[in-house]
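A, B, ... follow the sequence lines: proteins, then strands. Residue 1 opens every chain. Please read all numbers here as calculations on a predicted model, not as lab measurements. For the numbers below, each heavy atom of this structure counts, side chains included, while hydrogens, waters and symmetry mates do not.
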2 protein chains.
Amino acid sequence: MSRNAPGEPGDGPQEDAPEGAPEDAADGARDRLAPVLRPVRTGNGFEEALEQILRVLRLGLVPAGERLPAERELAGRLGVSRVTLREVLRVLHEEGLVTSRRGRYGGTFVLPRAEAGGTRDAGGAAELRRRTASVDLEDVLRFREVLEVGAAGLCAAQGLDGAGAARLRAALAGTRDTPPGGYRRGDTLLHLTLAELSGSPTLAAQYAAVRATLNDLLECIPLLVRNLEHSQRQHTALVEAVLDRNPEAARERMREHCAGTAALLRGFLA
Amino acid sequence: MSRNAPGEPGDGPQEDAPEGAPEDAADGARDRLAPVLRPVRTGNGFEEALEQILRVLRLGLVPAGERLPAERELAGRLGVSRVTLREVLRVLHEEGLVTSRRGRYGGTFVLPRAEAGGTRDAGGAAELRRRTASVDLEDVLRFREVLEVGAAGLCAAQGLDGAGAARLRAALAGTRDTPPGGYRRGDTLLHLTLAELSGSPTLAAQYAAVRATLNDLLECIPLLVRNLEHSQRQHTALVEAVLDRNPEAARERMREHCAGTAALLRGFLA
DNA sequence: GCCCTAAGGTATGGCGTTGGACCATTGCCT
DNA sequence: AGGCAATGGTCCAACGCCATACCTTAGGGC
């Protein structure tokens with residue numbers, strides 16, 4: 001659905017492409033083109049905008065009770081017209097995810113998930129299952145690990161300035177004192193912070209996309225206390241390695257951390 | 001221009017975000033949203049399709065003299081209508097990049113770059129300069145290294161099947177016996193092959209995008225024979241490490257390889 | 001208490017894109 | 001030689017999205 005989201009497993013036949021004469025490669029070249037020739041602008045702009053806003057909500061970037069940016073700004077940021085954006089917000093309102101207030105200091109506010117009535121759950125769950133089924137799990141897990149390990153390595157290698165280090169520490173702290181059930185939001189924010197601090201906006205954006213997909217998948221499996229504690233230790237060690245400017249250690253910590261999640265997901269979903 | 005291409009350096013103010021009260025984070029949250037709230041569908045579909053085809057040409061995925069996929073297939077793959085695609089091809093034809101032949105076994109063929117007359121060079125060079133200026137060099141280099149190192153690590157860690165190993169060896173060989181001036185095409189194909197073999201289609205697609213940007217940048221700097229020989233040795237060592245299923249070595253080789261290119265580009269463009 | 005401002009709510013004309021159908025051309029195969 | 005099939009070339013009605021302007025609501029400041 002989203003162009004950013006990894007997807008479309010097995011998009012075409014995966015021939016061996018035995019590197020024949022480069023001249024008759026008309027058919028052999030077709031596979032080569034696969035990574036580049038992907039659908040431009042999948043679906044209508046409405047769906048893409050919806051996906052983006054949903055991503056913001058799923059990542060917990062705007063917690064319940066908080067306000068989304070104003071319609072005009074949001075539309076501008078997403079590159080769609082306000083009409084289209086409003087269509088998106090209307091859907092989200094019908095799903096019980098947001099509510100709008102007029103007047104100055106009004107806006108569109110995020111509702112707590114629990115408030116969602118029957119309609120949302122039915123549609124949401126179906127949507128989730130549909131989305132989950134269409135995702136290439138291995139693709140997601142591999143890509144995620146590459147980005148995460150890369151981000152950790154970059155942060156550790158180049159070092160963080162004072163503000164960056166503070167943000168990272170704050171994000172780590174945010175994973176501890178967290179409301180029950182809000183752990184994954186803290187976890188997401190910590191990893192996203194690291195991605196942002198890597199100094200590559202593209203990396204951060206790609207990570208946000210893949211993380212949203214990952215969160216969908218994680219919602220399908222139970223949250224185990226043991227894993228949680230384990231994760232916490234790993235997070236601490238990871239942040240330490242980054243702040244110590246030890247790239248090898250940071251990468252290795254992150255690799256282990258990702259491997260844990262990956263094993264969990266493979267076990268529950270494979 | 002392309003949503004996949006890294007870009008838009010410094011999209012907004014980078015406040016410290018001192019993790020204040022989460023409730024008044026209305027303004028503080030804005031920065032958090034930056035990675036997610038990127039323009040959906042930058043520009044019209046026409047421009048995106050043009051970008052994709054240009055990417056195919058710049059990456060050398062379809063060498064001069066070869067045929068692009070048929071219009072109907074290309075349009076289908078890119079997710080645009082045939083009318084729009086034809087508009088793109090018309091522009092490329094006017095720029096002297098491709099030519100079309102009707103009838104069965106006809107199609108749209110790629111022309112050698114040298115054939116380009118005055119019009120193309122003028123427009124092309126201007127376009128290149130514009131694009132180059134708008135690219136965040138550090139973003140590109142960092143993201144590229146992350147993807148490359150990740151791909152190398154994945155390939156080495158999971159091992160390649162017979163066909164994969166053969167493809168990799170063939171791609172390596174393709175960097176040696178190459179027509180003069182065609183070295184970068186071989187280099188691109190080798191790296192792209194590795195990305196494809198990583199088992200993450202998303203990674204491959206992202207690499208293709210960033211590599212296209214990188215190739216644009218590389219065209220601004222001279223090709224040094226010493227670097228070329230050095231690259232060749234690194235390529236050989238890299239492929240060896242991958243085929244030996246030695247992830248650490250593969251990652252390290254790739255890291256060195258990327259560092260070389262990065263230093264070169266920083267030196268010439270910084 | 002008035003007015004200004006920032007926010008959501010609404011309506012309209014225009015342009016790009018789509019999907020389909022059809023024609024024109026060319027080379028291979030029977 | 002004829003037909004077939006794959007390809008580029010052309011046209012058109014319908015739809016979606018966009019840009020823009022304007023209205024309505026509500027809170028704060030003078």
Sequence-distant partners of B:Arg102, salt bridge (Lys or Arg N to Asp or Glu O under 4.0 Å), two or more places apart: none

Rounded to the Å, how far apart are A:Phe109 CZ and C:dG8 C1'? 11 Å

Pick base, sugar-phosphate or nothing for B:Arg101, based on heavy-atom distances below 4.0 Å to the nucleic acid. sugar-phosphate

Give a yes/no answer on whether the side chain of A:Thr84 brings an N or O atom under 4.0 Å of OP1 or OP2 in D:dC18. yes

Nucleotide C:dT10, atom P - distance to CD of A:Glu71 in whole Å: 10 Å

Output the single nucleotide from D:dT7, D:dC11, D:dC18 whose closest atom is nearest the side chain of B:Val83. D:dC11

Is A:Arg167 salt-bridged to A:Asp161, going by a charged N under 4.0 Å from an acidic O? no

Where the side chain of A:Arg82 is defined as all heavy atoms beyond and including C-beta, which of C:dT10, C:dT17, D:dG8 is the nearest nucleotide? C:dT10

Any salt bridge between A:Arg58 and A:Glu51, counting N to O under 4.0 Å? yes

Ignoring hydrogens and angles, answer whether the base of D:dT24 and the side-chain atoms of A:Arg102 contain a donor-acceptor pair closer than 3.5 Å. yes

For atom CD of B:Glu48 and atom C1' of D:dC17, their distance in whole Å: 15 Å

Between C1' of C:dG9 and CG of A:Leu89, the distance in whole Å: 12 Å

To the nearest angstrom, the CZ-C1' distance between B:Arg104 and D:dG3 comes to 11 Å

Under a 4.0 Å threshold between the charged nitrogen and the carboxylate oxygen, would A:Asp187 count as salt-bridged to A:Arg211? yes

Whole Å only: how far is the CG atom of B:Leu85 from the P atom of D:dG9? 11 Å

Give the nucleotide from the list C:dA7, D:dC18, C:dT10 with an atom nearest to the side chain of A:Ala70. C:dA7

Winner on side-chain proximity to B:Arg72, out of C:dT18, C:dC28, D:dT7, is D:dT7

Does the side chain of A:Leu89 come within less than 4.5 Å of A:Glu71's, by heavy atoms? yes

Taking NE2 from B:His93 and P from D:dG8, how many angstroms apart are they, rounded to a whole number? 13 Å

Rounded to the Å, how far apart are A:Arg90 CZ and D:dC17 P? 12 Å

More 5' along DNA chain C: A:Gly107 or B:Tyr105, using each one's nearest nucleotide? A:Gly107

For D:dT10, take OP1 and OP2 only and decide whether either is under 4.0 Å from a side-chain N or O of B:Arg86. yes

Verify the contact: side-chain N or O of A:Thr108 to OP1 or OP2 of C:dG8, cut-off strictly under 4.0 Å; return yes or no. yes

